*Asks:* 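What follows is a structure written as structure tokens; I'll ask about it next.
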Amino acid sequence: MPPIDLSAITTDQLFLPQFAEKKVSVSVLRLDKIHPLVSGNKWFKLQYYLKEAKEKGQQRIVTFGGAWSNHIIAAAAACRLQQLPCTGIIRGERPAELSLVLREASTLGMEIEFISREDFATQQLPAHLNREENCIVPAGGYGPTGARGAAEMLDHAVNSKAFTHICCAVGTGTMLAGLQNRAAAHQQVIGISILKNNFQLEKETAALLTSPEKLPVILHDHHFGGYAKYQPALLQFMNEWYRQTGIATDFVYTGKLCYAVNNLIVSGYFPEGSNLLLIHSGGLTGNRSLKNGLLIF
Ligand SMILES: *Cc1c(COP(=O)(O)O)cnc(C)c1O
């Protein structure tokens with residue numbers, strides 16, 4: 001497996017006619033390029049959990065996720081790279097056949113355990129894992145430690161202070177909070193929630209902010225039916241976006257982000273002269289759960 005390569009990150013400006021027409025500039029921060037499995041924001045969110053575990057001499061990373069979660073595959077690969085044993089605690093019952101993500105995570109050395117949905121909801125640790133030698137990473141890397149790592153994403157953008165708006169997809173809100181914490185006062189951070197009616201998000205994001213006076217904007221109307229749900233229009237858009245920009249997106253997060261921002265631009269949401277930075281937070285492995293042939297990339 002290749003190492004994580006932060007030098008691969010680029011800031012790509014896109015030149016699409018609808019952006020020129022609205023006099024809006026759009027660039028994409030390509031965090032998807034750092035690694036095939038520990039892609040995008042997952043590495044940034046995990047980095048300080050792993051560092052602190054090592055410093056404390058903890059022996060094992062234990063984390064939570066769903067059977068198709070990007071976080072689980074990223075955690076498995078990151079632990080493999082750092083030679084840290086790890087356990088993934090997965091929501092629900094063990095299915096007859098493990099998902100692609102779980103099979104790959106277990107090939108990478110992650111031990112997989114299943115817990116009930118109720119225990120998962122409160123992130124209840126199985127008793128045998130509830131030990132000081134274990135470093136517990138909440139689902140999605142949610143927490144101040146995750147947000148601290150996510151803030152560093154902006155340090156990799158070329159001329160980052162020139163952007164007026166920073167836009168990202170939102171699951172737990174950890175990345176959004178990290179970006180808000182690192183953004184300059186003149187920059188508006190906008191999160192596109194990919195979950196349906198997740199109105200906990202405002203509170204959960206606010207809990208991770210270092211200066212709670214300035215809140216990011218969270219938009220809730222761009223989820224296409226909910227987590228990992230989609231409609232043909234989303235896949236069509238992702239194919240068209242790829243044709244025009246050469247940038248592949250995933251249908252769970254970054255596809256919804258680009259679709260939403262593109263629509264917001266076209267509808268005049270951003271004032272003339274706006275200079276947008278879209279965070280490509282990776283996650284392309286998620287497309288493997290789609291039927292073959294739906295995407296052209
Ligand atoms: C996990 C993930 C997110 C969501 O990040 P949060 O910090 O949980 O909000 C966004 N984009 C991609 C590609 C992801 O894999």
Side-chain angles (χ1 to χ4, degrees), residues 9 28-49 63-78 88 101 105 123 137-154 166-182 189-196 198 200-209 216-220 222-224 226-228 230 234 238 247-261 277-290:
I9 299 171
V28 180
L29 183 62
R30 300 291 305 278
L31 305 178
D32 56 308
K33 292 176 161 183
I34 66 174
H35 195 269
L37 297 175
V38 199
S39 85
N41 74 354
K42 296 294 182 281
W43 166 251
F44 285 89
K45 293 196 288 181
L46 279 167
Q47 57 176 332
Y48 287 112
Y49 287 107
T63 193
F64 294 82
W68 284 102
S69 113
N70 292 342
H71 170 71
I72 288 295
I73 188 86
V101 163
Q123 302 205 11
V137 179
Y142 176 83
T145 307
R148 175 154 71 100
E152 292 184 2
M153 300 189 308
L154 276 188
I166 299 163
C167 307
C168 71
V170 181
T172 63
T174 312
M175 166 168 57
L176 181 69
L179 291 169
Q180 179 66 60
N181 290 341
R182 183 59 60 99
V189 179
I190 301 176
I192 304 297
S193 175
I194 55 85
L195 292 152
K196 188 175 178 177
N198 180 17
Q200 299 295 313
L201 201 52
E202 274 74 5
K203 205 175 69 203
E204 285 167 0
T205 303
L208 304 180
L209 296 178
V217 170
I218 301 178
L219 301 178
H220 289 277
H222 306 274
H223 54 69
F224 281 90
Y227 179 74
Y230 65 92
L234 176 64
M238 288 164 58
I247 298 178
T249 53
D250 76 292
F251 78 102
V252 182
Y253 294 102
T254 55
K256 292 180 184 179
L257 167 71
C258 295
Y259 186 99
V261 171
L277 182 66
L278 272 57
I279 308 295
H280 194 319
S281 42
L284 295 170
T285 51
N287 288 340
R288 296 191 296 198
S289 71
L290 290 173

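Counting from 1, the numbers follow the sequence of the chain as shown. Ligands are counted one by one from 1 in listed order, and the atoms in each one are counted from 1 as well. From a predicted model like this one, the values you see are computed outputs, not experimental measurements.
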*Asks:* Return the closest protein heavy atom for atom 9 (O) of ligand 1 as residue, atom name and distance.
*Replies:*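 For atom 9 (O) of ligand 1, the nearest protein heavy atom comes out as Gly171 N, 2.8 Å.
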
*Asks:* Among all protein heavy atoms, pick out the one at the shortest distance from atom 10 (C) of ligand 1; state its residue, atom name and that distance to 0.1 Å.
*Replies:*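 Atom 10 (C) of ligand 1 sits closest to the protein heavy atom Tyr253 CD2, 3.3 Å.
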
*Asks:* Which residue and non-hydrogen atom of the protein lie closest to atom 2 (C) of ligand 1, and at what distance in Å?
*Replies:*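 The closest one turns out to be Lys42 NZ, 2.4 Å.
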
*Asks:* Answer whether the closest heavy-atom distance between the side chains of Ser281 and Thr254 falls below 4.5 Å.
*Replies:*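 In contact.
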
*Asks:* Within a strict 4.5 Å, meaning less than it, do heavy atoms of the Phe251 and Ser289 side chains meet?
*Replies:*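 Heavy-atom side-chain distance check passes, below 4.5 Å.
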
*Asks:* Sort and list the pairs that fulfil side chain to side chain donor-acceptor pair (under 3.5 Å) and have at least one residue in residues 34-48, not counting sequence neighbours.
*Replies:*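 Residue pairs passing side chain to side chain donor-acceptor pair (under 3.5 Å), neighbours aside: Gln47-Glu152, Tyr48-Glu152.
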
*Asks:* Starting from atom 11 (N) of ligand 1, find the nearest protein heavy-atom neighbour and note its residue, name and distance.
*Replies:*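 Protein heavy atom with the smallest distance to atom 11 (N) of ligand 1: Ser281 OG, 2.7 Å.
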
*Asks:* I want to confirm something. Looking only at heavy atoms, which of Thr172, Val170, Thr174 is nearest to atom 8 (O) of ligand 1?
*Replies:*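 Checking each option, the heavy atom nearest atom 8 (O) of ligand 1 is found in Thr172.
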
*Asks:* Sorted by first residue and then second, give each side chain to side chain donor-acceptor pair (under 3.5 Å) pair with at least one member in residues 169-182; sequence neighbours left out.
*Replies:*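 Listed by first then second residue: Asp155-Arg182, Thr172-Thr174, Asn181-Thr210.
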
*Asks:* Would you check if the side chain of His71 reaches a backbone N or O of Leu46 as a donor-acceptor pair within less than 3.5 Å?
*Replies:*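 No; zero donor-acceptor contacts below 3.5 Å.
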
*Asks:* Does an N or O from Gly140, backbone or side chain, lie closer than 3.5 Å to an N or O of ligand 1?
*Replies:*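 By distance alone, the answer is no.
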
*Asks:* What's the spacing between Asp32 CG and Thr249 OG1 if we round to 0.5 Å?
*Replies:*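 Here the interatomic distance stands at 9.5 Å.
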
*Asks:* Tell me whether Tyr49 contacts the main-chain N or O of Gly141 through its side chain, where contact means a donor paired with an acceptor under 3.5 Å.
*Replies:*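 Between the backbone of Gly141 and the side chain of Tyr49 there is a qualifying donor-acceptor contact (under 3.5 Å).
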
*Asks:* So is Gly40 close enough to ligand 1, meaning a heavy atom under 4.0 angstrom away?
*Replies:*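 Flag not set, Gly40 not near ligand 1.
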
*Asks:* Using a 4.0 Å cut-off to any heavy atom of Asn70, which atoms of ligand 1 qualify?
*Replies:*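 Counting atoms of ligand 1 from 1, those under 4.0 Å from Asn70 are 14 (C), 15 (O).
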
*Asks:* Hey, does the side chain of Tyr253 reach the backbone of Gly286 with a donor-acceptor pair shorter than 3.5 angstrom?
*Replies:*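 Answer holds: no.
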
*Asks:* Looking at Gly283, which atoms of ligand 1 are within less than 4.0 Å of one of its heavy atoms?
*Replies:*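 Counting from 1, the qualifying ligand atoms are 13 (C).
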
*Asks:* Say whether Met175, considering both its backbone and side-chain N or O atoms, lies within less than 3.5 Å of an N or O atom on ligand 1.
*Replies:*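 Met175 vs ligand 1: N/O contact under 3.5 Å present.
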
*Asks:* Would one find an N or O of Lys45, backbone or side chain, under 3.5 Å from an N or O of ligand 1?
*Replies:*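 Indeed, backbone or side chain, Lys45 has an N or O that close.
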
*Asks:* Return the residue, atom name and 0.1 Å-rounded distance of the protein heavy atom closest to atom 5 (O) of ligand 1.
*Replies:*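 Residue, atom and distance for the closest contact: Asn41 ND2, 3.0 Å.
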
